[in-house]
Amino acid sequence: MSFEYAPAPESRAVVDIKPSYGLFVGGEMVDPVDGGSFKTVSPATEEVLAEVAVAGPADVDRAVKAARSAYERTWSTMPPRERGKYLFRIARLVQERARELAVLESLDNGKPIRESRDVDIPLVAAHFFYHAGWADKLAYAGMGPDPRPLGVAAQVIPWNFPLLMLAWKIAPALAAGNTVVLKPAETTPLTALLFAEICGQADLPPGVVNILTGMGETGRALVEHPDVDKVAFTGSTAVGKAIARSVAGTRKKATLELGGKAANVVFDDAPIDQAVEGIVNGIFFNQGHVCCAGSRLLVQESVADALLDSLKRRLATLRMGDPLDKNTDIGAINSAEQLRKIRDLSDVGEAEGAERWSAACDLPSKGFWFPPTLFTGVSQAHRIAREEIFGPVLSVLTFRTPAEAVEKANNTPFGLSAGVWTEKGSRILWMANRLRAGVVWANTFNRFDPTSPFGGYKESGYGREGGRHGLSAYLEASDEQPRTTQPAGRGGAQ
Ligand code: NDP
């Protein structure tokens with residue numbers, strides 16, 4: 001039996017969306033020199049939320065110059081402990097303005113408020129708190145006693161976790177003493193622009209953080225700018241490969257966090273109800289717009305029917321609709337373009353012979369929506385088993401032995417994450433040693449923590465974000481071994 005829920009919408013009154021936004025350069029909002037503008041819409045209603053500036057090449061140049069000047073004059077020479085104070089201040093402001101940030105994120109991205117409120121924004125604050133603590137302890141980061149920042153970082157982020165990806169990029173860069181120019185995704189610029197306001201509120205020195213909105217061309221101009229020292233990108237494998245080519249042979253250091261096609265492997269001894277929750281969280285969290293989503297369910301043949309029955313029953317109870325309603329489980333697809341891609345690949349799944357099942361639900365008449373869907377009878381050769389759909393679509397495959405599970409799980413060009421469900425600890429370790437994935441979750445899925453490095457193998461990219469490993473992507477090692485006495489850190493004044 002499923003319950004009817006009365007609507008419980010979060011108030012929009014808490015956010016003040018301006019009719020139009022400029023670019024955040026050198027500590028101020030400025031009009032673009034040679035760009036134009038575009039409209040950002042709510043994917044749940046198609047309502048225009050604001051007009052946002054497009055940064056052209058001259059704007060990119062201006063922002064990189066502002067970041068360079070801030071790097072040389074203030075940020076890299078500031079005592080590390082002082083840098084840390086700014087990051088603590090930002091973290092506290094994110095917490096203070098959490099409700100506003102969560103509502104704005106849900107409006108612009110389409111994700112349910114429960115996710116932005118309980119997952120995204122708390123993790124954003126956690127990333128700034130965590131990295132604030134590192135700022136004066138870099139001598140213990142495993143990069144020698146006096147690791148140096150790289151300089152100006154060009155950072156390009158996607159639309160699935162807009163503010164969280166910003167935090168993943170900006171917090172370690174700043175803690176390590178770099179300055180940044182960041183480009184948010186075209187469809188989700190608003191929380192980055194609110195973050196610009198928070199930088200002002202925190203009195204962050206002008207030019208330490210610069211935010212350029214725009215399209216793919218803005219991102220390309222930014223990563224190709226000759227005065228950039230470091231490129232950090234999260235997004236599609238295709239764009240990641242283009243960026244890898246553009247930085248090859250230059251002095252720029254790059255980290256790329258790209259797509260995934262994670263296997264979520266359920267053994268016959270796993271507690272079924274718990275596994276079902278993990279599968280739902282693995283692929284239907286954030287409408288499946290998750291690079292590490294558990295989009296391939298590998299279930300041991302003997303329990304496949306029972307598990308699928310349970311899973312379908314559970315999917316039928318998911319509530320889809322208004323992202324600002326606190327009861328909503330599944331929000332809107334982020335854009336018309338992404339919806340088209342999900343529909344096209346799902347149609348290919350059927351055309352190639354897999355069987356489609358979707359939870360019965362009323363889709364709102366406006367906006368971009370796709371019901372939770374699973375495919376059975378999927379074979380390894382099917383495109384829905386190989387390509388990233390980046391939507392609420394699960395491909396189900398079966399296996400008989402652990403060795404077959406490993407072989408199927410690793411049969412992908414990606415290698416970002418994987419999940420294992422079993423009561424046997426020894427089997428978890430056996431599997432984790434064999435799965436070619438940057439993150440392996442055991443009896444859980446989609447868990448994130450700023451202290452834990454995250455990143456992939458193969459076409460999922462290279463470099464790690466989070467933890468000590470993530471910091472090293474923003475530092476140049478000094479040659480000596482780390483000291484065991486108090487760290488001096490760059491700039492002294494501990
Ligand atoms: P993209 O990789 O195109 O976008 C990611 C970011 O890169 C955006 O800010 C984008 O700007 C920017 N960008 C686009 N082209 C360039 C370029 N040539 N040089 C530098 N930056 C660029 O992803 P899409 O949003 O187009 O999504 C396409 C597919 O990618 C999805 O369907 C999904 O499968 C996958 N994807 C994977 C993600 C992941 O985390 N693994 C995240 C997002 C998408 P703009 O938004 O303005 O185009």
Side-chain angles (χ1 to χ4, degrees), residues 35-41 43 52-57 60 108-109 111 154-162 164-166 168-169 181-192 211-225 228 231-247 252 254-262 286-293 295 333-346 368 370 383-384 386-393 413-417 438-439 446 448 454-456 458-462 465:
S37 70
F38 66 98
K39 292 180 173 57
T40 183
V41 301
V52 179
V54 173
V60 169
D108 204 19
N109 169 283
K111 65 174 69 201
Q155 307 182 317
V156 179
I157 56 171
W159 41 260
N160 52 344
F161 293 92
L164 184 56
M165 289 301 105
L166 173 149
W168 279 31
K169 298 278 180 284
V181 182
L182 175 132
K183 192 199 93 67
E186 176 190 338
T187 56
T188 53
L190 294 184
T191 45
I211 294 183
L212 296 181
T213 46
M215 319 279 177
E217 270 309 296
T218 305
R220 198 165 62 80
L222 176 58
V223 300
E224 290 180 2
H225 193 287
V228 153
V231 173
F233 171 79
T234 298
S236 62
T237 298
V239 173
K241 281 181 178 170
I243 292 177
R245 277 194 298 275
S246 89
V247 300
K252 295 173 193 170
T255 37
L256 304 174
E257 201 266 274
L258 312 176
K261 192 75 195 175
N286 204 34
Q287 295 71 248
H289 299 329
V290 182
C291 47
C292 50
S295 51
I333 298 302
N334 181 252
S335 64
E337 194 186 334
Q338 189 60 26
L339 179 59
R340 202 171 311 119
K341 181 180 167 192
I342 297 168
R343 282 185 177 149
D344 288 352
L345 269 170
S346 300
F368 317 126
F370 196 88
R383 277 180 66 194
I384 54 167
R386 288 186 284 117
E387 294 179 28
E388 187 177 47
I389 300 176
F390 223 62
V393 181
F414 298 108
L416 194 52
S417 65
V439 181
N446 273 343
F448 305 99
F454 182 89
K458 301 191 281 186
E459 297 212 349
S460 293
Y462 47 79
E465 292 187 291

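Atoms within each ligand, like the ligands themselves, are counted from 1 in listed order. Everything numeric in this text was worked out from a predicted model, so none of it was measured.
- Protein heavy atom in closest approach to atom 44 (C) of ligand 1: Phe390 CE2, 3.8 Å.
- Annotation: atom 9 (O) of ligand 1 to nearest protein heavy atom, Ile157 O, 2.8 Å.
- Remark: the Lys252 side chain and the Ser246 side chain contain no N/O donor-acceptor pair separated by less than 3.5 Å.
- For Asp108 and Thr191, the side-chain atoms include no donor-acceptor pair closer than 3.5 Å.
- Contact annotation for Lys341 and ligand 1: only side-chain heavy atoms (C-beta onward) come within less than 4.0 Å of the ligand.
- The shell of residues lying under 4.0 angstrom from ligand 1, judged by heavy atoms, includes Gly214.
- What sits closest to atom 35 (C) of ligand 1 on the protein, heavy atoms only, is Glu388 OE1, 3.6 Å.
- Only the backbone of Leu258 comes within 4.0 Å of ligand 1, counting heavy atoms alone; no side-chain atom from C-beta on gets that close.
- Counting heavy atoms closer than 4.0 Å to ligand 1, residue Gln338 contributes side-chain atoms (C-beta onward) but none from N, CA, C or O.
- The protein heavy-atom contact nearest to atom 27 (O) of ligand 1 is Trp159 NE1, 3.9 Å.
- Not a single protein heavy atom sits closer than 4.0 Å to atom 4 (O) of ligand 1.
- Two rings, from Trp168 and Phe454, have their centers less than 6.0 Å apart.
- Which of Cys291, Ser236, Ala238 comes nearest to atom 39 (C) of ligand 1 through a heavy atom is settled by distance: it is Cys291.
- The closest non-hydrogen atom to atom 15 (N) of ligand 1, taken over Ala154, Gly216, Gly391, Ala293, comes from Gly216.
- For Gly259, the closest heavy-atom approach to ligand 1 falls below 4.0 Å.
- Scanning for salt bridge (Lys or Arg N to Asp or Glu O under 4.0 Å) contacts around Glu186 gives an empty result, with sequence neighbours left out.
- Nearest protein heavy-atom neighbour of atom 11 (O) of ligand 1: Lys183 NZ, 3.1 Å.
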